[in-house]
> 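Please find one structure pasted underneath; my questions will follow.
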Number of protein chains: 2
Amino acid sequence: MPPIKVKMLDSGSAPEGGEIASVGAPKGRAKLRGKPLTRIQREKQDVILEAALDVFSEKGFLGATIDQIAEAAGMSKPNLLYYFPRKEEIYKRLMTSMLDIWLAPLRELDSVGDPVPELRSYIRRKLEMSRDFPRQSRLFAGEMLQGGPRIVDVLEGDLKALVDEKAKVLERWMDEGKLRRTDPYHLIFSIWATTQHYADFDVQVRAVLGRDRGGEGRFEDAARFLETLFMHGVLTKPS
Amino acid sequence: MPPIKVKMLDSGSAPEGGEIASVGAPKGRAKLRGKPLTRIQREKQDVILEAALDVFSEKGFLGATIDQIAEAAGMSKPNLLYYFPRKEEIYKRLMTSMLDIWLAPLRELDSVGDPVPELRSYIRRKLEMSRDFPRQSRLFAGEMLQGGPRIVDVLEGDLKALVDEKAKVLERWMDEGKLRRTDPYHLIFSIWATTQHYADFDVQVRAVLGRDRGGEGRFEDAARFLETLFMHGVLTKPS
DNA sequence: TAACGTTTTTTCCAACTGGTCAAATTTCTG
DNA sequence: CAGAAATTTGACCAGTTGGAAAAAACGTTA
C-alpha cells in the first residue's frame with residue numbers, strides 16, 4: 001500500500017510559460033524555483049512553517065496575517081515573502097505535510113490483524129495525535145469548518161480512497177462475525193470525531209473538567225473511556 | 001431546573017458613567033439603548049443576525065468583515081453599524097442566543113426517566129441539531145478552535161455547571177446498575193463530538209461518502225450507527 | 001580580494017479594514 | 001399635515017493588509 005500522495009490543488013501557480021511560450025522573463029516571479037534548496041533555505045522554511053502553524057492554527061487562514069507569522073518566525077515580512085511568495089503557499093505546504101502524518105494511523109489499520117487490538121490501537125494512536133499535535137488538528141478542523149476550499153480535492157481523492165479501502169477491511173471483519181454489523185464509514189467518522197475533539201475543543205474540555213481533572217491525565221481518562229465505549233457501549237445488559 | 005442564563009462577558013460596554021460619574025454625554029455612543037425596540041429595529045436586527053450567522057460561520061470572527069455581513073443583510077455598512085455599533089456585538093449576540101438552544105437537549109436529559117430512552121433521545125436530538133442548525137454548530141466550533149476568547153466565561157460558568165449536574169445524573173444511573181460504569185464527562189464529550197461532527201466536518205463527510213451516500217440520508221445512517229455504538233459498542237461478543 | 005549569487009532590509013503601495021459623522025431621508029405621532 | 005424621532009446614506013479616516021521593487025548586506029569561491 002503506497003503512501004497516499006497528498007497533492008494539493010497544485011503546488012504553485014502553473015509553471016512559467018503557457019501553451020504558447022510567453023517570451024521574456026517568468027512573470028510569476030519564481031524566486032527560488034530552481035529545485036536544490038540551500039541549507040539556509042531549508043532551515044528558514046522550517047522556521048517559517050513552524051511559526052505559521054502556530055498562527056494559522058490559532059487564527060485560521062483568513063485571520064492570520066503575514067506579519068504575525070513573520071514576527072513569530074523572527075524575521076521581517078519581506079524576508080518571509082522571499083521564501084514563500086504568497087500566504088496561501090505556506091498554508092498549503094502546511095496542510096499537505098500535515099495530512100500525511102495525520103492519516104498514518106488509519107493507513108496502518110491492518111487487515112490481517114485481529115479487529116479488537118487493531119481498533120483499540122487505532123483509537124489510541126488517534127488520541128495520541130490529538131494530544132501531541134493539537135495545532136495540526138485545529139488547522140485541519142478550521143479548514144473543514146470553512147468548507148475546505150483549499151483541500152476538497154484531496155478529500156474526494158486520496159482520502160476517500162483510503163477510507164473506502166479501510167471500510168472494506170472493517171466490513172470483512174463484520175462478515176467474519178468478528179465485529180458487530182454496523183456502518184463502517186460512520187464508525188471511522190466517530191473515531192475521528194471523538195479523538196480529535198480533545199484537540200479541537202480543548203478549551204471546552206478543560207473548562208468543563210475544571211482545574212483538577214483537566215490536566216494531562218485527561219488523555220488517559222479519555223483513552224479508557226473511548227475503549228469502553230467502542231468495545232462495549234454504555235449499557236450494562238448487552239443484547 | 002431554571003434555564004441557564006447564558007450571559008456573555010457583558011452585554012455591551014459597561015453602562016455609561018463609571019464610579020465617578022463622567023460628566024457630559026455618554027461616550028459609548030449608545031444609540032439605541034433606551035430599551036423598547038421599534039418594529040423596524042426588531043426586524044432589521046433579525047435580518048442582520050441571520051446574515052451575520054451566514055458570514056461568521058463561514059469565515060470565522062476574524063475572517064468576516066462588516067461589509068460582507070451588511071451586503072448579505074442587504075444594507076449599507078453604516079446602516080448596519082447603526083443597529084450594532086461594533087462587529088463583536090453582533091458576534092456575541094449570536095453566540096448567546098445560540099448557546100441557549102444549543103444546550104436545550106442536554107438540559108432536558110431527565111433524571112427520572114430511564115437511561116436507555118433518555119440517552120437514545122438525547123443523541124438523536126443532538127444529531128438533529130447538527131442537521132438543522134449546522135451554521136450555529138460551526139460558529140461555535142470556530143470559537144472553540146480559537147480558544148474561545150469571547151466565551152470562556154460561559155464555558156467555565158454555566159456550561160460547566162450544567163454538565164456537572166448531568167454527569168451526576170449519569171453517575172446515579174451507573175450506581176443503580178442501569179449504565180455501565182464509565183466516565184460520565186467523557187461520555188457527554190463523545191456524544192457532542194460524534195453528533196456535531198456531521199455539521200462541522202460536513203465537507204469531509206460528504207466527500208468520503210460520495211455522491212450516493214452523502215445526501216440527506218446520511219443523517220439517518222448516522223443516527224442508526226450512533227445508537228448502536230453508544231448502546232452496544234462494536235463488538236459481537238459482549239463481555 | 002573581486003565577482004557573483006544569496007539573503008535581508010528599507011521603502012513603498014493600493015486595497016481593504018472597522019468605524020465615525022453630519023446631512024439627508026423616511027416613518028411615526030399628534 | 002407639521003414636527004419630532006427614527007432611519008439611511010455618502011463622504012471620510014486612520015490603521016492594517018498582502019505584496020512589489022530595489023537596493024543593500026552577506027557569504028562563498030575562484
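These values consider heavy atoms only, across backbone and side chains, with no hydrogens, waters or symmetry-generated copies. Convention: sequence-line order gives letters A, B, ...; per-chain numbering from 1.
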> What does B/Ala70 touch in the nucleic acid at a heavy-atom separation under 4.0 angstrom: a base, only the sugar-phosphate, or nothing?
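The answer is nothing, as B/Ala70 stays clear of every strand by at least 4.0 Å.
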> Nearest to the side chain of B/Leu81, which nucleotide is it out of C/dT8, D/dT8, C/dG19?
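Selected nucleotide (nearest to the side chain): C/dG19.
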> OP1 or OP2 of C/dT9 versus the side-chain N and O atoms of A/Ser76: is any pair under 4.0 Å?
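So the side-chain polar atoms of A/Ser76 do come within 4.0 Å of the phosphate oxygens OP1 or OP2 of C/dT9, strictly under.
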> By the 4.0 Å heavy-atom rule, please label A/Thr65 as base, sugar-phosphate, or nothing.
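Sugar-phosphate only.
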> Which one, C/dT27, C/dT9, D/dA11, comes nearest to the side chain of B/Arg39?
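My answer, after comparing the listed nucleotides, is C/dT27.
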> NA contact type, A/Lys44, heavy-atom cut-off 4.0 Å: base, sugar-phosphate, or nothing?
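Contact class for A/Lys44: sugar-phosphate only.
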> Could you tell me whether a side-chain N or O of B/Gln41 sits under 3.5 Å from a main-chain N or O of B/Thr38, the two making a donor and an acceptor?
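Between the backbone of B/Thr38 and the side chain of B/Gln41 there is a qualifying donor-acceptor contact (under 3.5 Å).
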> Under 4.0 Å between a side-chain N or O of A/Asn79 and OP1 or OP2 of C/dT7?
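Checking A/Asn79 against C/dT7: no side-chain N or O falls below 4.0 Å of OP1 or OP2.
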> Counting side-chain heavy atoms from CB outward, which of C/dT9, C/dT20, D/dT7 is closest to B/Arg86?
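It is C/dT20.
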> From D/dA20, C/dT7, C/dG18, pick the nucleotide closest to the side chain of A/Pro78?
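Nearest listed nucleotide: D/dA20.
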> Of the listed nucleotides (D/dT7, D/dA20, C/dT20), which one gets closest to any side-chain atom of B/Ile40?
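Of D/dT7, D/dA20, C/dT20, D/dT7 is nearest to the side chain of B/Ile40.
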> Less than 6.0 angstrom from the centroid, inside 45 degrees of the normal: does B/Arg150 satisfy that with respect to the ring of B/Tyr91?
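Here B/Arg150 passes the 6.0 Å and 45° test against B/Tyr91.
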> Just checking, A/Arg93 and A/Phe84: is the charged tip under 6.0 Å from the six-membered ring centre and within 45° of the axis?
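Geometry flag: not set, cation outside 6.0 Å or 45°.
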> Does any non-hydrogen side-chain atom of B/Thr194 lie less than 4.5 Å from one of B/Phe189?
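B/Phe189 vs B/Thr194: side chains apart.
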> Given atom CE of B/Met75 and atom C1' of C/dG19, what is their separation to the nearest angstrom?
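Value for this atom pair: 17 Å.
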> Is there a donor N/O on one and an acceptor N/O on the other, under 3.5 Å, for the side chain of A/Lys87 and the base of D/dG19?
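No such pair is found, so the answer is no.
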> Would you indicate which nucleotide in D/dA6, C/dT8, D/dT9 comes nearest to any side-chain atom of B/Tyr82?
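The answer is D/dA6, which lies nearest to the side chain.
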